[in-house]
Amino acid sequence: MPESIYKHITDIETSDKEVKVRGWIYRIRKMKDKIFVVLRDATGILQCIGKLEDLSEEAWDNLNEVAIENAIAVKGNAKEDSRAVNNIELVLTDFTIIHKGEVFPIAKDQSKEFMLDNTHLFVRSYKSTNIMKVKSNVLRAAREWFYDNKFYEVTPPILTGSACEGGSTLFDLKYFDQKAYLSQSVQLYLEALIYSLEKVYAITPSFRAEKMRTKRHINEFWHIEGEEAFVDFEGNMKIQEELVAFIVQYVLENNKKELKELERDTSFLEQIEAPFKKITYEEAINTLNENGHKLKWDDDIKTEEERDLSNLIGEPFFVTMYPSAHKPFYVKINEKDPRWCYSADLMAPEGFGEIITGGQREDVLKTLVERIIEEGWSPEDYEWYIDLRKYGSVYHSGFGLGAERLTWWLCGLDTIQETQPFPRTRNRVYP
RNA sequence: GCCACCAUAGCUCAGUCCGGUGGAGCAAUUGACUGUUAAUCAAUCGGUCGUAGGUUCGAAUCCUACUGGUGGCGCCA
């Protein structure tokens with residue numbers, strides 16, 4: 001990489017003389033013979049002071065002209081100063097304008113609506129920047145873990161001709177003269193790829209046309225999906241808990257500054273280590289009923305119940321052995337007791353709830369076809385998928401982790417929308 | 001898809017219940033200023049009250065429809 005003559009803010013030391021920095025104006029306070037400028041770059045903020053007596057006439061004029069979010073370049077001498085943020089201040093010797101521009105529209109008070117209309121500018125905010133830095137490490141840690149554990153990263157299609165999760169939540173589109181859909185999950189394609197690579201993963205966008213407005217849903221999210229041959233239900237949970245524990249550790253180590261600035265209390269996160277607690281669906285229901293709920297076998301664990309359960313248990317945990325009727329056709333049914341199937345959800349504590357669904361896949365041709373028909377689909381639409389069970393079918397398992405769900409929990413945010421720089425929600429596909 | 005709520009200055013809101021000449025703070029502009037921490041002080045600028053109808057002597061305010069948006073739920077990652 002070519003070396004820059006400019007330093008980044010967090011690299012500046014108090015002994016630096018005539019150091020050059022560039023970025024955007026975060027705050028500015030003008031007085032008669034001195035002006036304080038708080039400069040922002042990708043790494044942090046820095047208070048600069050420009051004094052009339054230290055600057056050329058041109059530099060002083062420039063300094064008087066600028067406003068919030070103008071792009072600037074400065075030169076100055078650093079010194080320790082307890083009156084400045086982070087106890088460091090730059091005494092300016094030069095000040096140039098890169099771009100002055102118009103009045104920045106985002107000020108102290110914003111409504112949610114105004115903020116979402118101006119997402120393209122709001123991404124500059126401190127909070128948004130910190131969240132994106134955490135999310136970057138969530139994705140990086142996931143890739144590192146998969147690499148260390150000999151998984152291959154693959155690139156399955158996002159445009160597809162067949163549904164995975166169900167028709168009502170599918171975005172359809174015109175594909176030349178055919179109909180196509182945006183992927184809801186690349187799981188079925190990963191299942192095809194285990195027959196050559198055995199251990200595969202993909203990080204791709206997934207789309208769900210759910211017309212709902214909640215703190216935990218966005219219509220476009222990034223899906224971290226893994227699939228492995230010769231792995232059963234239990235082995236699959238082991239992969240998930242090790243992956244998640246690794247990501248949690250990675251973020252705790254590498255995003256201390258960001259988590260602190262997001263005012264995240266990390267005491268819960270610090271205790272997390274694999275293996276995670278496992279409770280059956282039945283135990284989950286009993287626990288809930290002991291705490292005021294009234295659920296029967298086969299009832300869904302809904303938002304409120306899931307939140308209560310997540311708060312009650314106080315550590316990450318799997319809910320296992322779900323009733324078969326709740327789960328899609330590809331989930332393997334228990335041969336001895338077909339009432340339940342090999343599917344598990346991983347729940348985050350502190351009320352955040354589900355972040356992964358995973359399980360063992362149906363590997364028997366006959367059962368798979370029956371399940372597809374039972375669900376009202378037509379086997380012809382899934383011919384290629386059914387084919388996978390004809391040529392050396394083996395037991396295998398996989399899972400899908402929501403990158404935003406995980407980031408939402410790690411950052412301890414109010415809504416999951418905050419984890420996407422440009423969240424796609426019911427009413428918003430712009431900007 | 002269902003339920004609730006909102007729309008007034010560039011931004012955040014008060015004013016609506018109980019109709020009678022549209023307000024504040026921030027931003028912007030101008031000036032003052034002693035090391036400020038989203039500085040302070042003074043002045044100035046800024047509005048077809050979401051749109052269309054209706055009631056009324058008179059509507060931001062009451063009624064109807066529409067449009068846009070926000071929160072919650074069914075679902076799921």
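The shown structure was predicted, so the numbers you read here are calculated from the model rather than taken from an experiment. Each chain gets a letter, A, B and so on, in the order its sequence line appears, and its residues count up from 1.
Taking side-chain N and O atoms only, N427(A) has a distance below 4.0 Å to OP1 or OP2 of U70(B).
The distance between atom CE of M212(A) and atom P of G71(B), rounded to the nearest whole Å, is 14 Å. Here A77(B) presents its P atom at 21 Å from OH of Y201(A), a figure rounded to the nearest Å. Atom-to-atom, CZ of F221(A) to C1' of C75(B) comes out at 12 Å; the value is rounded to the nearest Å. Counting to the nearest Å, the C1' atom of A27(B) and the CG atom of N70(A) are 14 Å from each other. Straight-line distance from the CG atom of N64(A) to the P atom of A32(B): 11 Å, rounded to whole Å. One interatomic measurement links the two molecules: NZ of K32(A) to C1' of U30(B), which rounds to 16 Å at whole-angstrom precision. What separates CG of D33(A) from P of C33(B) is a distance of 10 Å, to the nearest Å. When the P atom of G35(B) is taken as reference, atom CG of L90(A) falls 19 Å away, rounded to whole Å.
If you take atom P in A27(B) and the same atom in C11(B), they sit 15 Å apart, rounded to whole Å. Taking the C1' atom of each, A28(B) and C73(B) are spaced 43 Å apart, rounded to whole Å. Nucleotides A52(B) and G68(B) place their P atoms 16 Å apart, quoted to the nearest Å. A distance of about 26 Å separates the P atoms of G20(B) and U12(B), rounded to the whole Å. To the nearest whole angstrom, the two P atoms, one in A42(B) and one in U51(B), are 35 Å apart.
Of all nucleotides listed (A28(B), U36(B), G71(B)), G71(B) comes nearest to the side chain of Q417(A). The side chain of E354(A) lies closest to C76(B) when the candidates are C76(B), G74(B), A38(B). In this structure, the nucleotide among U36(B), C73(B), G69(B) sitting nearest to the side chain of T214(A) is C73(B). Nearest to the side-chain atoms of F36(A) among the listed nucleotides A77(B), A28(B), G35(B) stands G35(B). Here the side chain of I416(A) is nearest to one of A77(B), C33(B), A38(B), namely A77(B). When each of C76(B), A77(B), A38(B) is scored by its nearest atom to the side-chain atoms of T357(A), the top-ranked nucleotide is A77(B).
Each of R428(A) and Q47(A) was matched to the nucleotide of RNA chain B holding its nearest heavy atom; the match closer to the 5' end belongs to Q47(A). Taking the nucleotide of RNA chain B with the nearest heavy atom to each of D81(A) and K327(A), the more 5' of the two is matched to D81(A).
Between F246(A) and Y250(A), the ring-plane angle classifies as tilted under the 30° and 60° cut-offs. Note: F146(A) and F151(A) have perpendicular aromatic rings, judged against thresholds of 30 and 60 degrees for the angle between ring planes.
The base of C76(B) lies close enough to the side chain of R216(A) for a donor and an acceptor atom to sit less than 3.5 Å apart.
Atom CG of L259(A) and atom CG of N130(A) lie 8.5 Å apart (nearest 0.5 Å). F352(A) contributes atom CZ, which lies 6.0 Å from atom CH2 of W408(A) (distance to the nearest 0.5 angstrom).
Taking the six-membered ring for Trp and the full ring otherwise, W60(A) and F95(A) have centroids separated by 6.0 Å or more. Not less than 6.0 angstrom separates the ring centroid of Y322(A) from the ring centroid of Y342(A). Between F221(A) and H223(A), the distance from one ring center to the other falls under 6.0 angstrom.
Applying a 4.0 Å cut-off to non-hydrogen atoms, the residues of residues 276-309 of chain A that approach RNA chain B are D300(A), K302(A), T303(A), E306(A), listed by residue number.
Contact annotation for E225(A): no contact, since no heavy-atom pair falls under 4.0 Å across all strands. Within the nucleic acid shown, I218(A) comes within 4.0 Å of at least one base atom, counting heavy atoms only. Looking at heavy-atom distances under 4.0 Å, K30(A) makes contact with a base. Within 4.0 Å of I49(A), counting heavy atoms only, lies at least one base atom of the nucleic acid.
Among residue pairs with one or both ends in residues 301-310 of chain A, those qualifying as salt bridge (charged side-chain N to carboxylate O under 4.0 Å, His left out) are R216(A)-E306(A); sequence neighbours excluded.
Comment: K238(A) engages E242(A) in a salt bridge, judged by a side-chain N to carboxylate O separation of less than 4.0 angstrom.
A cation-pi arrangement is present between R339(A) and W297(A), with the terminal nitrogen or guanidinium carbon under 6.0 Å from the aromatic centre and inside a 45° cone about the axis. Under the 6.0 Å distance and 45° angle rule, K278(A) does not count as a cation-pi partner of F318(A).
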Contact letters for nucleotides 2-14 of chain B, in which S counts primed atoms plus P, OP1 and OP2 and B counts the base, heavy atoms under 4.0 Å: ---------SS--
